[in-house]
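Numbered from 1 within each chain, the chains take letters A, B, ... in sequence-line order. Computation of the quantities below employed the complete heavy-atom set of this structure, encompassing side-chain atoms and omitting hydrogens, waters and symmetry-equivalent molecules.
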2 protein chains.
Amino acid sequence: MLRVSKLTDYATVILTHIAHQPDELHAASDITQSTGVALPTVSKVLKLLSKANILISHRGAKGGYQLAKKPNETNVAEVITAIEGPIGMTECMTSKGTCEQEPSCEIKGNWSLINRAVYTALEAVTLADMAAPVRQQAVSVVMPMTKETNELKVEN
Amino acid sequence: MLRVSKLTDYATVILTHIAHQPDELHAASDITQSTGVALPTVSKVLKLLSKANILISHRGAKGGYQLAKKPNETNVAEVITAIEGPIGMTECMTSKGTCEQEPSCEIKGNWSLINRAVYTALEAVTLADMAAPVRQQAVSVVMPMTKETNELKVEN
DNA sequence: CTTATATAGGACTATTTTAGTACTATATAA
DNA sequence: TTATATAGTACTAAAATAGTCCTATATAAG
Ligand code: FES
Ligand code: FES
């Protein structure tokens, strides 16, 4: 079904919450209350985000987490990568040399382009976007094209 | 890691193979030989693709499968949907009414836009593209935008 | 210095999803 | 009638994910 994991979904909810008060410290226990996600799970997500330098942590009493960068400087692709690891639509994209039919594979190149297109789409959405009301914009994405149409359809 | 399942990957390999001879019938046993994928697995994939009307099946002796449409009329989004079910980045996208925090959820709208962007990217690639050598093109995708930039960045 | 608080890190279990296989029924060409 | 090939379904095994828990470490405050 091509979906992100639950943890990633939690991560966006949590980060969106934090993005509303970017300068304050947010303890895991506070976030549990405001999001409804169980404490151990919240804790796990926060650790992963901290490790990926999306959040900065402060230990000890009165500690907590805050955004490492401005809300518009962290995007969804980074969040997904922090929780799930590198984004690659097929196994061959993330784990090199594993695939037996790699030498003769003719579709790898196209998957790589699809990959880039999806990544670009995810990269275009920031925490600021998530925290803000929904509006619309257009973004250009690199894609493979058919043999027949030998020129760019849309230029950016 | 945001990836399609192995079966989906097989499906693209198989369909790309068939797309090279769109008018001939391809039996599961033939496809096993030319792709290296185990027969029961090939069989499973072909059945799913047939059920989704991406392939047409012919039973009995000298039977097999062929493309239901021209190679450029079937896209990757359809293939993924055929094997994995509806494409939705989060659970809330595909299974309505399940999420407890749906009423108060402020990020659903943005996930919906991300979803559409990814879908558009996948929709833009056809079997003809997969079968052809890799080239480049640009495609426009609808995305959410920040509060500040209240106008379209790129028009298509 | 001591205590309470909060994150860091890792290990572990349970659950869910995916992959792969097998078997029976049905259709068709020869 | 027989050989061949798909349809449909059920089942098992393997892998990924989700969720929990425990111990160590850092820090603010009394
Ligand atoms: S399927 Fe692995 S490299 Fe193409
Ligand atoms: S998280 Fe389920 S609707 Fe937003």
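With rounding to whole Å, A/His26 atom NE2 is found 18 Å from C/dT5 atom C1'. Per the geometry, CD belonging to B/Gln66 stands 13 Å off P belonging to D/dT6, to the nearest Å. One atom, CD1 of A/Ile14, and another, P of C/dT7, lie 12 Å apart when rounded to the nearest Å. The interatomic distance linking A/Leu49 (CG) with C/dA8 (C1') rounds to 14 Å, in whole Å. Between B/Ile31 atom CD1 and D/dT4 atom P the separation is 19 Å, expressed in whole Å. Regarding A/Arg3, its CZ atom lies at a distance of 11 Å from the C1' atom of C/dT17, rounded to whole Å. Following rounding to the nearest Å, B/Lys62 (NZ) and D/dA5 (C1') show an atom-to-atom distance of 13 Å. For A/Lys51 and C/dA8, the NZ to C1' distance is 9 Å, given to the nearest whole Å.
No side-chain heavy atom of A/Lys44 sits less than 4.5 Å from a side-chain heavy atom of A/Lys47.
The main-chain N or O of A/Asp129 is found under 3.5 Å from a side-chain atom of B/Asn110 such that the two form a donor-acceptor pair. At distances below 3.5 Å, at least one donor-acceptor pair connects side-chain atoms of B/Glu84 with backbone N or O atoms of A/Leu2.
Judged by distance alone, the side chains of B/Asn115 and B/Ser112 never bring a donor and an acceptor atom under 3.5 Å apart. For the residue pair A/Thr35 / A/His17, no side-chain donor-acceptor distance below 3.5 Å is found, with atom types taken as modelled.
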Would you be so kind as to tabulate the donor-acceptor pairs closer than 3.5 Å made by side chains of residues 21-31 of chain A, with sequence neighbours excluded?
| residue | atom | partner | partner atom | Å |
| --- | --- | --- | --- | --- |
| A/His26 | NE2 | A/Gln21 | O | 3.0 |

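In this structure, the helix from C/dC1-D/dG30 to C/dA30-D/dT1 shows an angle of 20° between the axis at its start and the axis at its end, each fitted on 5 base pairs and rounded to 10°.
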- Going 5' to 3' through nucleotides 19-28 of chain C and flagging B where a protein heavy-atom sits under 4.0 Å of the base, S where only the sugar-phosphate is that close, and - otherwise, we get BBB----BBB
- Item | Candidate pair B/Gln66 and B/Leu55, rule side chain to side chain contact (heavy atoms under 4.5 Å, CB included), full reasoning | CA-CA 6 Å; B/Gln66 66 184 160; B/Leu55 292 177; over 6 Å; no
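Note that the OH atom of B/Tyr119 and the CD1 atom of B/Ile80 stand 9.0 Å from one another [nearest 0.5 Å].
Look at A/Glu78 and A/Lys69 and you find a salt bridge, because one of the NZ, NE, NH1 or NH2 atoms lies within 4.0 Å of a carboxylate O, short of that distance.
For B/Ser57, a side-chain nitrogen or oxygen approaches OP1 or OP2 of D/dA7 to under 4.0 Å.
Nucleic acid contact class of B/Ser50 (heavy atoms, under 4.0 Å, all strands): sugar-phosphate only.
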